[in-house]
2 protein chains.
Amino acid sequence: MATLSEVARLAGVTTATVSNVLRNTQKVKPATVQKVQEAIAATGYRPNLMARALAEGKSSMVALVLPDINNPFYPEFVRVAERVARHRNYFLMVCNTDERPDIGRAYLHQIAGTLADGVLVLHTGISADDINELKTRRSPIVLASEEQVDLANRIPHVVVNFHRAGEIAGQHLLDLGHQRIGAIVGCGLEGMQLGRLDGFKSALSAAGIALAEPMVRNVSDTVAGGHEATDSLLEQHPDITAIFCTNDLMAYGASQALADRGIRIPQDISLIGITDIQLARDMRPALTTVALGIEQVATISINLLLDLIENPQHEPTIVHVPDPVLVVRASTGSVRSGT
Amino acid sequence: MATLSEVARLAGVTTATVSNVLRNTQKVKPATVQKVQEAIAATGYRPNLMARALAEGKSSMVALVLPDINNPFYPEFVRVAERVARHRNYFLMVCNTDERPDIGRAYLHQIAGTLADGVLVLHTGISADDINELKTRRSPIVLASEEQVDLANRIPHVVVNFHRAGEIAGQHLLDLGHQRIGAIVGCGLEGMQLGRLDGFKSALSAAGIALAEPMVRNVSDTVAGGHEATDSLLEQHPDITAIFCTNDLMAYGASQALADRGIRIPQDISLIGITDIQLARDMRPALTTVALGIEQVATISINLLLDLIENPQHEPTIVHVPDPVLVVRASTGSVRSGT
DNA sequence: ATGAAAGCGCTAACAC
DNA sequence: GTGTTAGCGCTTTCAT
């Protein structure tokens, strides 16, 4: 692997000149540029990014730490984050913690400020204390799409109004006349998805309907979790007319459980999720859901991180993404007509 | 961000000693180790991995370049690759090319040998020429799970017997009595998934059935692609009794198209895929498929890459993974009884 | 417009 | 055991 000085020697100039050719083409005499470029081509030279990073004090890499790359939400997020990062000349390094906070912490310790210029942390169960401990070193860390925002911990956040999402879902079911509704709540690494449930409950109670505790099921945030929770719900409350899931993946599981029992959606039971992942569009019946705007959240999050890298702030920045919006598809219908 | 020399100064030793404490604890006197560790704790020191990589000539990072992180096959692959890499003390850097070969090439040029000690390339449409051009520099590149293996290009390969997978799928449908079968073939970045189709055809012709060309559909390797292809197939060949898809994602799309038309699986039409992604298990009816053994392929691939990094070979290594296996679920049934 | 030289933070001989 | 001394490959003043 050719180095800068080999190129320099071959071109009959010094490394400084080659370095200049590599970025500031204007400073160098055209004839020299020519010679240097020939030498680069001849040697097949490519800059050693590690050495450059050391010298510049900046790696142009950012890390995205996430809990479960198999949960389709994350790949969708990664795709847009990677694209934005690339356009801003950063590499995106995806770190999967496999749902283990200790792995997330290890990544953070090793990477933040040494391999990556900044890191975006997504639901990995890493505590604010862990992050603040790392904050001593000058390398921004931003938390995206957190369930609950703690302003006291002084960490930059991108906040999604999950409460509102739950409320919208609840309101939609109420509008369709549903009153006996089961709720399936995911429990990710950061605990129950309580904001979403609270929003849902508040919509119901505003309409004078209290959501009985036994009609709530807490399960893992997976297809299997949604399936089990639905089975349990159906056994104890066969009279429910709708199921609310705090995310689409569990709603997909719920739809399978209903299909397995020959229960029709939405004629017998309506189903609503939150997020609007691709699967929500692809499944049959297509899922009514509350779209969080993955593309928007990802774009805003990665841009915030890159902005903070290039332009450090003293005050922790909190960015709110636009409110979620209802997307009506085929999985919800009126409680009476069954349409 | 504290550096080695600050730690050294604080501990009253030199950087060499601190460096030794960081790896070869045995060489250093316990009392010194103690002092150094206190200094490390006091300063919150963490090694600068870029500097270390420069000095060691090895970054302990490997890159995984893939075309579409949204295709569920890849996250499943990534999850196991990351885990294996982590256990072998490497970071895994996931690079999504968004189906664009030029992005893949750019990643390779920038990363191979400078940021990463090696790179694993998955179906990204990067040509062997591109890779061989990079090969000058000493940093292994391995191609995993290629559709077709070209031994002449002298690049390490992990090969999957796609032909056999197609054959197994064909045989299964034949065993169930199917004769009029539609085939949906994905066209990824590396062209049609021809090995799989060839295997399928060879099973049929061995049984004396020729697969008519018009019953083959080439489409993009997505849910939507599978859906469209199924619509087209059904319109021109309403009498088919089974559909073979070269992967599960398209089979999922096919199942939606069938559901949309009120066609029952497997009573009216049987459906079989290839790969065995999670979705194949989750969908209803659960998909009969030919399992490629994602976990196995990923493990073998990443291990090969790491082996080559730690132990360079002159001859290009070709590793074959075990043959695919049939997984019978609910989407296929006998052509007569419709069971 | 180009060269000389210092240094980014760390590792690795080799002395002592 | 611990210190000294070179680099790793690049960028970046500062001279010339």
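Small disclaimer: the values here were computed from a predicted structure and weren't measured. Residue numbering restarts at 1 for every chain, and letters A, B, ... go by the order of the sequence lines.
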Using whole Å, what does the distance between atom [atom2] of nucleotide [N] and atom [atom1] of [X] come to?
X: R9(B); N: dT4(D); atom1: CZ; atom2: P; answer: 15 Å
X: N48(A); N: dT11(D); atom1: CG; atom2: C1'; answer: 13 Å
X: E6(B); N: dC10(C); atom1: CD; atom2: C1'; answer: 14 Å
X: Q26(B); N: dT2(D); atom1: CD; atom2: P; answer: 13 Å
X: L54(A); N: dG9(C); atom1: CG; atom2: P; answer: 7 Å
X: K58(A); N: dT12(D); atom1: NZ; atom2: P; answer: 12 Å

Under the criterion side chain to side chain contact (heavy atoms under 4.5 Å, CB included), I'd like the reasoning laid out for D98(A) against R79(B): C-alpha separation, chi angles, the key distance, then a yes or no. CA-CA 8 Å; D98(A) 242 347; R79(B) 189 178 133 275; 3.5 Å; yes
For T14(B), answer base if it contacts any base atom (sugar-phosphate contacts may also be present), sugar-phosphate if it contacts only those atoms, and nothing otherwise; contact means non-hydrogen atoms under 4.0 Å. base
Donor on one side chain, acceptor on other, S59(B) and D117(B), under 3.5 Å: yes
Any side-chain donor-acceptor pair under 3.5 Å between N303(B) and R88(B)? yes
Name the residue from I302(A), L304(A), L143(A), L306(A) that meets the side chain to side chain contact (heavy atoms under 4.5 Å, CB included) definition with L120(A). I302(A)
Quick one: what's the B/S/- string for nucleotides 11-16 of chain C, heavy-atom cutoff under 4.0 Å, read 5' to 3'? BB----
Begin with the C-alpha distance, continue with both residues' side-chain angles, and end with the deciding distance and a verdict on side chain to side chain contact (heavy atoms under 4.5 Å, CB included) for I40(A) and R46(A). CA-CA 8 Å; I40(A) 288 177; R46(A) 284 173 308 140; over 6 Å; no
Step-by-step side-chain hydrogen bond (donor to acceptor under 3.5 Å, both in side chains) determination, D130(B) to S127(B): CA-CA 5 Å; D130(B) 283 325; S127(B) 75; 3.1 Å; yes
Please report the shortest heavy-atom distance between T124(B) and P67(B), naming the atom on each side. CG2-N, 3.6 Å
For the helix from dA1(C)-dT16(D) to dC16(C)-dG1(D), what is the angle between the axes at its two ends, each from 5 pairs, rounded to 10°? 40°
Given side chain to side chain contact (heavy atoms under 4.5 Å, CB included), test F77(A) with L64(A) step by step and report yes or no. CA-CA 10 Å; F77(A) 190 104; L64(A) 172 52; 4.0 Å; yes
